[in-house]
Amino acid sequence: MARMAGGAVLVTGAGGGMGRAHCIRLAEEGADVVALDLAHDAALAATADAVRATGRACVTAAADVSDGDALRTAVDGAVTALGRRLTAVIANAGVYDTPGPSWTIDPAVWARSLDVNLTGVWHTVQAGVAHMTDAGGSVVIVSSTAGIKAIPTASHYSAAKHGVVGLARTLANELGARSIRVNTVHPGSVATPMILNERTFANLCPGLDDPTEADAAAVLASRNLLPVAWIAPEDVSNVVLFLASDESRYMTGSQLVIDAGLTQKV
Ligand SMILES: NC(=O)c1ccc[n+]([C@@H]2O[C@H](COP(=O)([O-])OP(=O)(O)OC[C@H]3O[C@@H](n4cnc5c(N)ncnc54)[C@H](O)[C@@H]3O)[C@@H](O)[C@H]2O)c1
């Protein structure tokens, strides 16, 4: 029997990176999907096509998760179009903007990081839980290793990613009686556009003029216990699948780390 049989999930940040991988993996295991991203663009359409290729239904929705009203309207419309209540909410959308020492971070960059990575998760839970079944369900919040340990030059990101842990723990208390579980996932480096870009390569290799992906990979690999620079989005999707499915039915308020050993390396 498929691991998400009878399931219906909302995934934010579904147009690319990990969000698309979550949609496909959950659909492969039997879930219908509401796939939400900033716009109804080709990337989101490609996610929907990939979900439908598994045989499951997919409804797309467009909103900025930092805009609570717009998000609620988009989710309400998409869930109505799907025609069924949600069994899981995957708060995955996130941004990682210009890093720097804490005292140099542009106030607009700070505000946007908190608006999307923390407040956007709160909005997502508000919008999604309103459509969850009476039989309970699962909320999965994608945090980061930056939600467990510091990342110097990324306080705007790390503060938000720590913040969602407090949000998840609180939600787990508030929603437990309704059998809705709330857990966070903490990936290390993942091969998505968020880190596979020249700006990130330059940040990782400040001593090099034109660092390549291989240069950045060497730096990131040196931070892990396992001999890899980064993991694939699908590796994280498998953890999301576990938390979204009944296999984790008595897990709530917990933090699952998938980081090739990044947070344990001494
Ligand atoms: N890539 C990594 O190494 C890494 C590591 C740990 C945690 N994460 C987290 O995983 C999640 C997914 O990251 P990713 O690597 O797939 O990123 P990505 O940049 O590849 O994709 C993010 C997706 O979210 C969407 N998005 C961004 N802001 C949005 C908003 N305000 N409203 C709606 N959608 C929005 C983007 O359009 C994009 O489709 C994020 O929360 C990120 O912080 C990433």
Side-chain angles (χ1 to χ4, degrees), residues 10-25 34-48 60-68 70-72 74-75 78 90-97 99 111-124 127-128 140-149 151 154 156-165 167-168 184-197 199-201 203-204 216-217 219-220 223-224 228-237 239-240 255-260 262-263:
L10 164 66
V11 180
T12 65
M18 273 183 251
R20 177 179 294 162
H22 304 332
C23 291
I24 296 169
R25 188 72 192 97
V34 172
L36 182 139
D37 210 292
L38 285 165
H40 284 289
D41 57 12
L44 191 57
T47 296
T60 57
D64 185 326
V65 296
S66 70
D67 182 340
L71 181 66
R72 196 163 26 251
V75 171
I90 318 298
N92 166 83
V95 288
Y96 180 70
D97 209 340
R112 184 69 182 154
S113 182
L114 272 290
D115 284 351
V116 175
N117 295 326
L118 177 54
T119 308
V121 172
W122 174 54
H123 290 154
T124 300
V140 182
I141 295 172
V142 180
S143 175
S144 168
T145 48
I148 291 176
K149 63 183 289 190
I151 301 190
H156 55 320
Y157 186 74
S158 191
K161 292 298 188 181
H162 275 75
V164 295
V165 176
L167 174 63
T184 51
V185 176
H186 299 263
S189 301
V190 187
T192 73
M194 183 174 278
I195 66 165
L196 296 181
N197 61 75
R199 194 191 67 192
T200 301
F201 299 162
N203 290 330
L204 288 167
V219 173
L220 291 176
R223 298 178 179 175
N224 294 336
V228 291
W230 40 63
I231 61 178
E234 291 75 15
D235 294 309
V236 182
S237 300
V239 177
V240 169
Q255 299 88 48
L256 277 193
V257 178
I258 168 158
D259 69 348
L262 172 65
T263 49

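Note that ligands are numbered from 1 as they come in the structure, with each ligand's atoms numbered from 1 the same way. Keep in mind it's a predicted model, so treat the numbers as computed, not measured.
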> Taking side-chain contact (heavy atoms from CB on, under 4.5 Å) as the test, write out the residues that go with L118, two or more places apart.
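Scan of L118 (side-chain contact (heavy atoms from CB on, under 4.5 Å), adjacent residues dropped) gives L114, A160, V164.
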> Non-hydrogen atoms closer than 4.0 Å to ligand 1: which protein residues do they belong to? List them by chain and number, please.
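Within 4.0 Å of ligand 1, protein side: G13, G15, G16, G17, M18, D37, L38, A63, D64, V65, N92, A93, G94, V95, R112, V116, V142, S143, S144, Y157, K161, P187, G188, S189, V190, T192, P193, M194, I195.
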> Using side chain to side chain donor-acceptor pair (under 3.5 Å) as the criterion, list what pairs up with S143, not counting sequence neighbours.
H186
> So, are D37 and R20 salt-bridged, with charged N and O less than 4.0 Å apart?
no
> Do you know which of D259, V185, L256 makes side-chain contact (heavy atoms from CB on, under 4.5 Å) with V236?
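Filter result, single survivor: V185.
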> For N117 and Y157, which heavy atoms make the closest approach, and how far apart are they?
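Closest heavy-atom pair between N117 and Y157: ND2-CD1, 3.7 Å.
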> Sequence neighbours excluded, which residues qualify as salt bridge (charged side-chain N to carboxylate O under 4.0 Å, His left out) partners of R72?
D69
